[in-house]
Novice: 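Attaching a single structure in structure tokens format; questions to follow.
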Number of protein chains: 2
Amino acid sequence: MLKRNKPLQPDISIVANLIGEPARAKMLTALMTGKALTATELALEADVTAQTASSHLAKLLKGELLVVRKQGRHKYFQLRSVDVAELVEKMLNLSASIQQNSIKTGPVDQALRHARVCYDHLAGEQGVALFDALLNHGFIAEETNQATLTDKGLLFFSELGVDFKKVNQSKRPVCKACLDWSERRNHLAGQLGAWMLNYAFEKNWAKRDLTTRAVHFSTQGKTKFASCFGIKQTRGN
Amino acid sequence: MLKRNKPLQPDISIVANLIGEPARAKMLTALMTGKALTATELALEADVTAQTASSHLAKLLKGELLVVRKQGRHKYFQLRSVDVAELVEKMLNLSASIQQNSIKTGPVDQALRHARVCYDHLAGEQGVALFDALLNHGFIAEETNQATLTDKGLLFFSELGVDFKKVNQSKRPVCKACLDWSERRNHLAGQLGAWMLNYAFEKNWAKRDLTTRAVHFSTQGKTKFASCFGIKQTRGN
DNA sequence: CTGATGCTTCGAGCGCTATCGAACTATGCT
DNA sequence: AGCATAGTTCGATAGCGCTCGAAGCATCAG
């Protein structure tokens, strides 16, 4: 048979294969918190022994999906870049829409559904509520799955302390609409999304859950967070 | 050991595993042309026998990444949705940035680099040139990796025959910046991107390559295409 | 130093899955 | 009808890679 000149296309099977192993997939989704995790933590997360985890982590490193930082006798792993996080996010979304089956309602799930970290910004009910609020106040504009900062929004966030000189130097989008797999609606990602989540942590309005992606707001914190960004309070909790 | 309540998260390993097999990965990238392909075509593309291809295709169907249409004794396979295409696209980009090695320069590759189909819109040098031209004329506005249609652009495309009533009914974004893995710059995706590529085909300015993702412009067609959208002609060919 | 903890390497076991030959069904062409 | 082409099913094979036990480094705390 005639061997046709195969075009140079990146081979996606390598990356996909790395993610395609259940244990590694669990590790990657665990790292979607944005937090750096140690090898043992990831082993627990993936339900494998330390040895197995070690070999998986080595592969993920070699495949350039993760980076490590050694600190004493610990090794802290993180997703290598926002690109990797975005890929995982897209996979989560597609997977959610394919496995739209069991809508469990355990306590952990409810917390996750309410507010959780999506790599570096806020997702869940609170995430989309925030997005809606920003829209209502005209701080951002939405055009079918895209989000852009308005002049009004620029002013608002400048006064809150966002340094847009610095922000604009980065190639990363300021605003980015990110589809929420539990709510099936948009929340805000991008630099601004990351900034707001960080702001909530700094002000002690909320704190991360130690083991899951959940974000826990204090009662007071939630009120302040809502008033700061003009979110209409809905049902309790 | 204490079995902690695991949060409900979609399992990304299933989808990733499907893509992670080299033969299946090749099939999926082949389908990025947007064209429907038969089982044998896909078998050739993936370099496997018909039997093997059949089993792979069955898995991709079960995994809901593809859809089939039976026509006579042929089966035409297609990516199931734009979501799937976008996922594959993201994987191509990430993979390209990881394997930024061999920049081959075969004839096929040059054609691909020049102009190719990215699922349903134009990519490659021509794709980014088009994007730049639309920017220069103020038809679209760019804000760090986002693209939006301007009023001026709305007028321009309306006059060209785009039915925006229909367009706005769809949930799909009108404009979408899509990172080009060969050029490492944006080109235009979304409904408008798809519309323009289709327009070029309709006007017979260009035609698809039968076996690759390459798009071949006729000499005349290229001139007309450029003048229609105000693209500055660069080097020959 | 000794013991404890975090992580890695080695080796053996073993299950999963991609692969293809051969045989089968289905459709189309003449 | 009779043959060619498209696609599938079955079964056997082979090999890859996940897994964990055991032993080995590395780091830290006394």
Side-chain angles (χ1 to χ4, degrees), chain A residues 1-3 11-31 35-78 210-211, chain B residues 1-3 11-31 35-78 210-211:
Chain A
M1 175 191 289
L2 200 93
K3 202 78 178 175
D11 180 6
I12 63 173
S13 75
I14 300 172
V15 169
N17 194 28
L18 280 173
I19 311 179
E21 207 285 326
R24 287 193 293 258
K26 280 183 209 155
M27 291 177 173
L28 289 170
T29 41
L31 287 169
K35 248 191 356 182
L37 298 176
T38 67
T40 18
E41 285 172 323
L42 289 167
L44 279 175
E45 202 68 44
D47 260 316
V48 288
T49 59
Q51 310 94 291
T52 312
S54 176
S55 104
H56 284 312
L57 288 169
K59 283 173 193 179
L60 289 171
L61 282 177
K62 203 172 181 181
E64 301 191 26
L65 294 184
L66 299 186
V67 285
V68 215
R69 207 165 9 119
K70 204 173 170 182
Q71 221 163 83
R73 50 180 172 179
H74 294 276
K75 275 192 165 184
Y76 286 94
F77 293 86
Q78 258 182 309
L210 289 176
T211 52
Chain B
M1 178 192 289
L2 200 95
K3 202 77 177 174
D11 182 4
I12 62 173
S13 75
I14 300 171
V15 170
N17 195 28
L18 280 173
I19 311 178
E21 208 284 325
R24 289 194 291 260
K26 280 184 210 156
M27 292 176 170
L28 289 170
T29 41
L31 287 169
K35 250 192 353 185
L37 298 176
T38 67
T40 20
E41 287 172 322
L42 288 168
L44 279 176
E45 201 68 45
D47 259 316
V48 289
T49 60
Q51 309 98 292
T52 311
S54 176
S55 104
H56 283 311
L57 288 169
K59 283 174 193 177
L60 289 171
L61 282 176
K62 203 171 183 184
E64 300 191 27
L65 294 184
L66 298 186
V67 286
V68 216
R69 208 165 8 120
K70 206 177 172 180
Q71 222 164 82
R73 53 177 170 175
H74 293 277
K75 276 192 163 181
Y76 286 93
F77 293 86
Q78 258 182 310
L210 290 175
T211 52

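Proteins get letters first, then strands, A, B, ... in listed order; numbering begins at 1 in each. Worth saying up front: this structure is predicted, and the values here are computed from it rather than measured.
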Novice: What contact category does B/Thr40 fall into here, base, sugar-phosphate, or nothing, at under 4.0 angstrom with non-hydrogen atoms?
Specialist: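 Sugar-phosphate contact only.
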
Novice: Given side chain to side chain contact (heavy atoms under 4.5 Å, CB included), test B/Gln78 with B/Arg69 step by step and report yes or no.
Specialist: CA-CA 8 Å; B/Gln78 258 182 310; B/Arg69 208 165 8 120; 3.9 Å; yes

Novice: Under 4.0 Å between a side-chain N/O of B/Thr52 and OP1 or OP2 of C/dC20, yes or no?
Specialist: yes

Novice: Could you identify which residues of residues 54-66 of chain B place a heavy atom less than 4.0 Å from some atom of DNA chain D, listed by residue number, or say none?
Specialist: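 Here the set is B/Ser54.
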
Novice: Applying side chain to side chain donor-acceptor pair (under 3.5 Å), can you list everything that pairs with A/Glu64, at least two apart in sequence or on another chain?
Specialist: none

Novice: Between atom CD1 in A/Ile14 and atom P in D/dC16, what is the gap in whole Å?
Specialist: 16 Å

Novice: Taking the minimum atom-to-atom distance to the side chain of B/Ala23, which one of C/dT19, C/dC7, D/dC20 wins?
Specialist: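 Of the options given, the side chain of B/Ala23 lies nearest C/dT19.
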
Novice: Taking the side chain as C-beta and beyond, is there a heavy-atom pair between A/Val15 and A/Ile12 under 4.5 Å?
Specialist: no

Novice: What do the steps show when you test B/Glu45 against B/Met27 for side chain to side chain contact (heavy atoms under 4.5 Å, CB included), and what is the final call?
Specialist: CA-CA 7 Å; B/Glu45 201 68 45; B/Met27 292 176 170; 5.7 Å; no

Novice: Detail all sub-3.5 Å separations between protein N/O atoms and N/O atoms belonging to nucleotides 23-28 of chain C.
Specialist:
none

Novice: Go through the structure and list residues passing side chain to side chain contact (heavy atoms under 4.5 Å, CB included) with B/Ser13, not counting sequence neighbours.
Specialist: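 For B/Ser13, the residues satisfying side chain to side chain contact (heavy atoms under 4.5 Å, CB included) (neighbours in sequence not counted) are A/Pro22, A/Ala25, B/Asp11.
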
Novice: In whole Å, what is the span from the CG atom of A/Asn17 to the C1' atom of C/dT17?
Specialist: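 For the pair A/Asn17 CG and C/dT17 C1', the rounded distance is 12 Å.
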
Novice: Could you give the CZ-to-C1' distance, from A/Phe77 to C/dG6, as a whole number of Å?
Specialist: 11 Å

Novice: Between CG of B/Leu65 and CG of B/Leu60, what distance do you get to the nearest 0.5 Å?
Specialist: 6.0 Å

Novice: B/Glu21 CD to D/dC16 C1': how many Å, rounded?
Specialist: 12 Å

Novice: Any side-chain to backbone donor/acceptor pair from B/Arg24 onto B/Ile19? Under 3.5 Å, distance only.
Specialist: no

Novice: Under the side chain to side chain contact (heavy atoms under 4.5 Å, CB included) rule, what do A/Leu57 and A/Phe77 come out as? Steps first, then yes or no, please.
Specialist: CA-CA 9 Å; A/Leu57 288 169; A/Phe77 293 86; 3.6 Å; yes

Novice: Scan side-chain atoms only and decide if A/Gln51 and A/Ser54 contain a donor-acceptor pair under the 3.5 Å cut-off.
Specialist: no

Novice: Is any side-chain heavy atom of B/Lys59 closer than 4.5 Å to a side-chain heavy atom of B/Leu18?
Specialist: yes

Novice: What does the inter-axis angle of the helix from C/dC1-D/dG30 to C/dT30-D/dA1 come out as, five pairs per end, nearest 10 degrees?
Specialist: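 It works out to 30° between the end axes.
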
Novice: Quick one: list whatever passes side chain to side chain contact (heavy atoms under 4.5 Å, CB included) with A/Ser55, sequence neighbours left out.
Specialist: none

Novice: How many Å lie between OH on A/Tyr76 and C1' on C/dG6, as a whole number?
Specialist: 11 Å

Novice: Report which part of the nucleic acid A/Ala39 touches: base, sugar-phosphate, or nothing (heavy-atom distance under 4.0 Å, all strands).
Specialist: sugar-phosphate

Novice: To the nearest angstrom, how far is A/Lys75 atom NZ from D/dA26 atom C1'?
Specialist: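 Interatomic distance, NZ of A/Lys75 to C1' of D/dA26: 11 Å.
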
